[in-house]
Amino acid sequence: MQAHHAYAIPAYDQARHLGMFKLHQGFIYVIFALLVICSPYACAVELTIYTEDWPPVSFKNGDKTDGMAVEMVEALKKRVGSNAQIQLVPWNRGYKALLEDSNVMLFTVGRSEEREKLMTLVGPVAVSRTVLYTRKGNAAKLLSLGDDIHEVAVGAYRGSIFADTAVKKGFKTLDLASTPQVVAKMLMMGRFDLWSEGSIVVPSVLKEIGHSVDEVEKVMVLDSLELYLAFSSRTPLATIKQWEDALRQMKKDGSFQKIYQKWQPNEAPPLEVNRLGLTAN
């Protein structure tokens, strides 16, 4: 029979193969470590957080920022471990940062199909309606115009969903101002006869300018309105999911409802949690 001889691997090749094995093993360890480190929460980034002066949802109270949504976001910050300060800025500034900058959250933002193409929305954190208001005693005359009411100028604040909704509903002339308070003053001075605004804030906005909700009346409801936390397009999904999970937990344990009913005692809080827009689930 022919003898079979074992083949001995030279010492040099043994060392080379051992080195390659250790290199591959080390590479696997690195990949594993990155996967562990980049778990959804560990890879979350700190946000720049903006809101606007829109009482009672968000407003300045002395030297601090206050309001229903502010209280919610502060509670969410604790759950996600965020140290970011909530900055109250004009709407246009916050919205511009949301569209142009990385890692920005703006609240509250009304949901629309157009906005879902530009950002991620998490919520809703509040539900309202977009309503046309006029000065007390003026609604019947405006409604008697029929379709010609669309020729009447509508006041709204610049860049708002309330201005956009009025246009969508066929109103042809807008009179825009920088804040809801300025628009409300213009209505009460007779600058225009229709004011497009969210029903959730109208009593507080009027009170802030020295008027009462009894001095205005509804002309018509233009649309329902869900309000969300909005995240800029260049915000990591891990960060968005962290806030989404925290909001889900708040709604599950009842802490969200407690805050909502403190500020809106006669309204039912929205209990679902959706992630819409660029990273919709």
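All of these numbers come straight from a predicted model, not from anything done at the bench.
- Shown here for Ser212 and Leu206, the closest heavy-atom pair between the two residues is O-CD1, 3.8 Å.
- Shown here is Lys168, whose NZ atom has more than 12 heavy atoms of other residues, nucleotides or ligands within 6.0 Å.
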**Message:** Walk me through whether Leu98 and Ser232 qualify under side-chain contact (heavy atoms from CB on, under 4.5 Å).
**Reply:** CA-CA 5 Å; Leu98 178 71; Ser232 58; 4.2 Å; yes
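- Panel note: side chain Ser233, backbone Met119; no donor-acceptor pair is recorded below 3.5 Å.
- Rounded to the nearest 0.5 Å, atoms NE2 (His211) and NZ (Lys185) are 9.0 Å apart.
- Relative ring orientation between Phe171 and His150 is described as tilted, the plane-to-plane angle lying within the 30° to 60° band.
- The shortest side-chain heavy-atom distance between Tyr95 and Arg115 falls under the 4.5 Å cut-off.
- Interatomic distance, CG of Leu278 versus CD of Glu116, reported as 9.5 Å (0.5 Å rounding).
- The two residues Trp263 and Ile259 make their nearest non-hydrogen contact at CD1-O, 3.2 Å.
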**Request:** Would you please test Val70 and Ile86 for side-chain contact (heavy atoms from CB on, under 4.5 Å) and show each step?
**Result:** CA-CA 8 Å; Val70 171; Ile86 297 173; 4.1 Å; yes
**Prompt:** Where do Glu215 and Lys136 land on the salt bridge (charged side-chain N to carboxylate O under 4.0 Å, His left out) test, with the steps shown first?
**Reply:** CA-CA 5 Å; Glu215 297 178 60; Lys136 192 77 170 181; over 6 Å; no
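- Using a 4.5 Å heavy-atom cutoff, the side chains of Tyr133 and Glu217 are not in contact.
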**Request:** Given side-chain contact (heavy atoms from CB on, under 4.5 Å), test Glu151 with Leu145 step by step and report yes or no.
**Result:** CA-CA 9 Å; Glu151 305 295 331; Leu145 296 173; over 6 Å; no
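- Using a distance-only test at 3.5 Å, with no hydrogens or angles considered, a donor-acceptor pair links the side chain of Ser58 to the main chain of Glu52.
- Closest approach of Pro269 to Phe256, counting heavy atoms only: CB-CE2, 3.9 Å.
- Summarising the geometry, atom CD1 belonging to Ile209 is positioned 11.5 Å from atom CE belonging to Met186; distances are rounded to the nearest 0.5 Å.
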Give the table of side-chain donor-acceptor pairs shorter than 3.5 Å for residues 73-81, with sequence neighbours excluded, one pair per line with atom names and distance.
| residue | atom | partner | partner atom | Å |
| --- | --- | --- | --- | --- |
| Glu74 | OE1 | Lys77 | NZ | 3.2 |
| Lys77 | NZ | Ala84 | O | 2.6 |
| Arg79 | NH1 | Asp253 | OD2 | 3.1 |
| Arg79 | NH2 | Asp253 | OD2 | 2.8 |
| Arg79 | NH2 | Ser255 | OG | 3.1 |

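- No chain of hydrophobic side-chain contacts below 4.5 Å, direct or via other Ile, Leu, Val, Met, Phe, Trp or Tyr residues, connects Trp195 to Val167.
- Under the 4.5 Å side-chain criterion, counting only non-hydrogen atoms from C-beta, Pro270 is not in contact with Val125.
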**Message:** Checking Thr130 against Val221 for the side-chain contact (heavy atoms from CB on, under 4.5 Å) test, could you report, in this order, the C-alpha distance in whole Å, the side-chain angles of both residues, the deciding distance, and whether it holds?
**Reply:** CA-CA 6 Å; Thr130 299; Val221 176; over 6 Å; no
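- When every heavy atom of Ala126 is checked against every heavy atom of Ile200, the shortest pair comes out as CB-CD1, 4.2 Å.
- Between the side chains of Trp54 and Gln181, no donor N or O sits under 3.5 Å from an acceptor N or O.
- Linking Ile, Leu, Val, Met, Phe, Trp and Tyr residues whenever their side-chain heavy atoms come within less than 4.5 Å places Leu121 and Leu99 in a single cluster.
- Ser196 places a side-chain N or O within donor-acceptor distance of the main-chain N or O of Phe162, the cut-off being under 3.5 Å.
- Between the NZ atom of Lys262 and the CD atom of Gln257 there is a distance of 15.0 Å, given to the nearest 0.5 Å.
- Between Pro236 and Asn103 there is a side-chain heavy-atom pair separated by less than 4.5 Å.
- A 6.0 Å sphere centred on CD of Gln85 holds no more than 12 heavy atoms belonging to other residues, nucleotides or ligands.
- Relative orientation of the Trp91 and Tyr157 rings is perpendicular, given thresholds of 30° and 60° on the angle between their planes.
- Annotation: Glu113, atom CD; neighbour count of heavy atoms from other residues, nucleotides and ligands within 6.0 Å does not exceed 12.
- Here the rule is side-chain contact (heavy atoms from CB on, under 4.5 Å) with Val154, and of Ile149, Thr165, Leu174 only Leu174 fits it.
- Using modelled atom types and a 3.5 Å distance limit, the side chains of Glu46 and Ser82 yield a donor-acceptor pair.
- Looking at Arg93, its side chain never comes within 3.5 Å of a backbone N or O of Ala97 through a donor-acceptor pair.
- With respect to the salt-bridge test (charged N to carboxylate O, under 4.0 angstrom), the residues Asp193 and Arg135 qualify.
- Val122 places a side-chain heavy atom less than 4.5 Å from the side chain of Phe231.
- Hydrophobic clustering (side-chain heavy atoms under 4.5 Å, transitive across Ile, Leu, Val, Met, Phe, Trp, Tyr) groups Met72 together with Tyr50.
- Residues Glu272 and Glu226 form a side-chain contact, since some pair of their non-hydrogen atoms from C-beta on lies under 4.5 Å apart.
- Linking ILVMFWY residues whenever their side-chain heavy atoms come closer than 4.5 Å, directly or via other members, places Leu118 and Leu106 in the same cluster.
- Put simply, the side chain of Val205 reaches to within 4.5 Å of the side chain of Pro55, judged on heavy atoms.
- For the pair Gln87 (side chain) and Thr51 (backbone), a donor-acceptor distance under 3.5 Å is absent.
- For the pair Arg129 (side chain) and Glu197 (backbone), a donor-acceptor distance under 3.5 Å is absent.
- Going from atom CE of Met220 over to atom CG of Leu132 covers 6.0 Å, rounded to the nearest 0.5 Å.
- When the options Glu71, Lys251, Glu267 are evaluated for a side-chain contact (heavy atoms from CB on, under 4.5 Å) with Tyr260, the one that passes is Glu267.
- Between Gly123 and Leu247, the shortest heavy-atom contact is CA-CD2, 3.8 Å.
- Looking at heavy atoms from C-beta onward, Val216 lies out of side-chain contact with Thr134 at the 4.5 angstrom threshold.
- Rounded to the nearest 0.5 angstrom, Leu229 CG and Trp243 CH2 are separated by 7.5 Å.
- In the hydrophobic clustering of ILVMFWY residues, with side-chain heavy atoms under 4.5 Å counting as a link, Val183 and Leu187 come out together.
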**Asked** salt bridge (charged side-chain N to carboxylate O under 4.0 Å, His left out) between Asp53 and Lys60: does it pass, once the steps are laid out?
**Response** CA-CA 7 Å; Asp53 185 12; Lys60 202 74 172 175; over 6 Å; no
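- No donor-acceptor distance shorter than 3.5 angstrom exists from the side chain of Ser204 to the backbone of Val201, with no hydrogens or angles considered.
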